[in-house]
There are 2 protein chains.
Amino acid sequence: MLPKKKVVIVKDSSEHNSKRLEHHEAIKAEMRKCFSTIDSFSEKDIAEALELISLKTLKKGEHLLREGDFSARSYSIISGCVRQYYLVDGEEKTTFFYTEGQSIFAPNGASERIPSKYYLSCVEHTTVSIISLEKQNEMFKKFPILESMSRNTLREELNNYQEMLATYITTNPEERYLNLLKFRAELLNRVPQYQLASYLGVTPESLSRIRKRIFLK
Amino acid sequence: MLPKKKVVIVKDSSEHNSKRLEHHEAIKAEMRKCFSTIDSFSEKDIAEALELISLKTLKKGEHLLREGDFSARSYSIISGCVRQYYLVDGEEKTTFFYTEGQSIFAPNGASERIPSKYYLSCVEHTTVSIISLEKQNEMFKKFPILESMSRNTLREELNNYQEMLATYITTNPEERYLNLLKFRAELLNRVPQYQLASYLGVTPESLSRIRKRIFLK
DNA sequence: AAAAGTTATTGACTTTAGATAAGAAAGAAC
DNA sequence: GTTCTTTCTTATCTAAAGTCAATAACTTTT
């Protein structure tokens with residue numbers, strides 16, 4: 001079998017880089033707008049806060065995080081789609097899809113001492129914002145209001161996960177697929193079906209049959 | 001076989017009340033110890049913080065929260081066991097068991113405006129600490145360090161839930177039962193099997209068969 | 001356009017779970 | 001103790017999911 005070639009030949013790397021920078025500047029402008037909605041924030045505050053956040057753009061298939069990595073960062077998806085998966089007995093078990101606006105809060109118990117148990121891989125061309133825990137703490141010290149906001153976001157996110165777990169427990173694969181259709185229909189067009197199957201907790205063959213069953217009804 | 005007597009006969013309710021108060025005082029003393037491990041906390045701070053927290057003791061089968069309730073509180077289990085369940089088509093679907101030391105963070109998206117979708121019911125005689133969101137905010141204003149601590153706890157809890165969801169997705173009912181045996185074995189003796197079955201996402205009949213299958217191996 | 005690789009579907013067969021009903025075991029109430 | 005209720009197990013049958021293998025549909029590469 002031939003080796004898998006994933007090499008993307010960048011003909012002019014400087015051109016490519018400058019385009020990416022333009023893209024990143026546009027995003028920073030968006031983030032500036034976002035920060036400026038906070039009443040107590042001066043122009044200088046905004047600039048300082050933005051300094052602490054970095055941006056990264058990845059291609060389809062590239063990894064943001066791998067099993068065993070030591071990472072103490074939080075990510076937020078600006079555009080694109082990131083898949084979280086575990087490698088169990090050589091099999092990829094997908095456990096979540098993050099899309100625009102969603103955040104990945106401090107994986108690994110937020111500690112640089114605990115290795116990651118899972119992978120974060122880009123389903124498509126993706127841009128994320130990144131902030132290290134260190135810089136986040138710095139930011140919270142400077143702008144305590146952000147700590148409150150962060151706590152609220154965390155609590156909401158915790159609630160989301162509690163509901164997701166509850167939904168997962170109380171539904172069967174067919175219902176889960178219908179829920180996906182209802183609440184995250186865009187995923188069906190963005191993500192290969194075998195990854196969705198894994199996310200729904202069934203084999204690709206089963207998902208194929210579930211789809212057929214639904215279609216026949 | 002002789003019946004197991006768990007009956008606690010309360011002859012005199014005033015006596016009962018005074019006993020409960022003693023019990024609660026003992027718990028407050030424990031909590032005082034806990035707060036006193038925070039360096040920056042003076043005796044007065046501890047007393048003030050404790051003022052904001054209330055205790056409640058419930059009997060087996062009593063509810064802490066019902067579907068439709070408007071609640072803006074966080075709970076922490078001091079002793080006992082609380083079951084979270086949803087009522088779906090008249091059927092109780094158990095989605096979590098909280099035991100000693102575990103906290104129930106701000107159900108209902110932490111808003112007094114959103115009705116609860118689930119029930120919290122005591123599996124056994126249970127004591128919980130309760131703090132309203134209002135008083136929690138008051139406390140955080142007075143003692144900012146508690147806000148940081150709370151944020152960290154929330155992040156850890158979020159991580160726990162992410163892992164629980166991932167585990168649920170990547171395992172089948174038999175594996176989930178084995179996991180329960182491994183990590184929360186005490187639950188098997190505290191919780192009726194049909195509630196565990198629901199928590200594992202199967203019918204009581206299936207759990208019975210799973211147990212038999214495992215036993216025969 | 002052809003070849004190679006990846007992803008999705010289908011079929012045959014096995015295993016496991018759901019539904020229903022009946023009976024056994026354990027616990028609570030009398 | 002006996003009775004009543006709840007909980008657990010077993011049996012039968014049906015429905016759905018897993019496994020393995022083959023093929024079809026779709027993408028990417030050349």
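Only this structure's heavy atoms are used, side chains among them; waters, hydrogens and symmetry mates stay out. We name chains A, B, ... by the order of the sequence lines, and we start the count at 1 in each one.
We find that OH of A/Tyr194 is positioned 13 Å from C1' of D/dT27, with the value rounded to whole Å. For the pair A/Leu207 CG and D/dG18 P, the computed distance is 10 Å after rounding to whole Å. In this structure, the CG atom of A/Leu216 is 13 Å from the C1' atom of C/dT9, given to the nearest Å. Between A/Asn189 atom CG and D/dC26 atom P there is a gap of 15 Å when expressed in whole angstrom units. Nucleotide D/dC20 holds its P atom 11 Å from the CD atom of A/Glu91, rounded to whole Å. Protein atom CD1 of A/Ile214 is 16 Å distant from nucleotide atom C1' of C/dA8, rounded to whole Å. In this entry the distance linking NZ of B/Lys212 with C1' of D/dT10 reads 6 Å, nearest Å.
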| Going 5' to 3' along nucleotides 15-23 of chain C, which nucleotides have protein heavy atoms under 4.0 Å from the base (write B), which only from the sugar-phosphate (write S), and which from neither (write -)? | -SSBBB---
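For A/Arg211, counting side-chain heavy atoms from C-beta on, the closest listed nucleotide (D/dC8, C/dT9, C/dT7) is C/dT9. Minimum atom distance to the side chain of A/Ser208 is reached by C/dT10, of the listed C/dT10, D/dT7, D/dT10.
Taking the side chain as every heavy atom from C-beta outward, A/Leu165 and A/Ile169 approach each other to under 4.5 Å. Contact annotation: the side chain of A/His63 approaches that of A/Ser121 to within less than 4.5 Å [non-hydrogen atoms, C-beta and beyond]. Contact of the B/Ile210 side chain with the B/Pro173 side chain is registered, since non-hydrogen atoms from C-beta on lie closer than 4.5 Å. Looking at heavy atoms from C-beta onward, A/Leu180 lies in side-chain contact with A/Tyr199 at the 4.5 angstrom threshold. Residues A/Met31 and A/Ser129 meet the side-chain proximity criterion, which asks for heavy atoms closer than 4.5 Å.
For B/Lys59 and B/Glu124, the salt-bridge test fails: no basic side-chain N is under 4.0 Å from an acidic carboxylate O. In summary, B/Lys212 and B/Glu205 do not engage in a salt bridge, as defined by a charged side-chain N under 4.0 Å from a carboxylate O.
Dashed line: the shortest gap from a side-chain N or O of B/Gln193 to OP1 or OP2 of D/dT6 is not under 4.0 Å.
Residue pairs meeting the ring pair (Phe, Tyr, Trp, His ring centres under 6.0 Å) criterion with at least one partner in residues 154-180 of chain A, sequence neighbours excluded, are A/Phe96-A/Tyr161, A/Tyr168-B/Tyr168.
Side chains of A/Thr94 and A/Arg83: a donor-acceptor N/O pair is present below 3.5 angstrom, by distance only.
Across the helix from C/dA1-D/dT30 to C/dC30-D/dG1, the helix axis at one end is tilted relative to the axis at the other end by 50° (nearest 10 degrees, each axis from five pairs).
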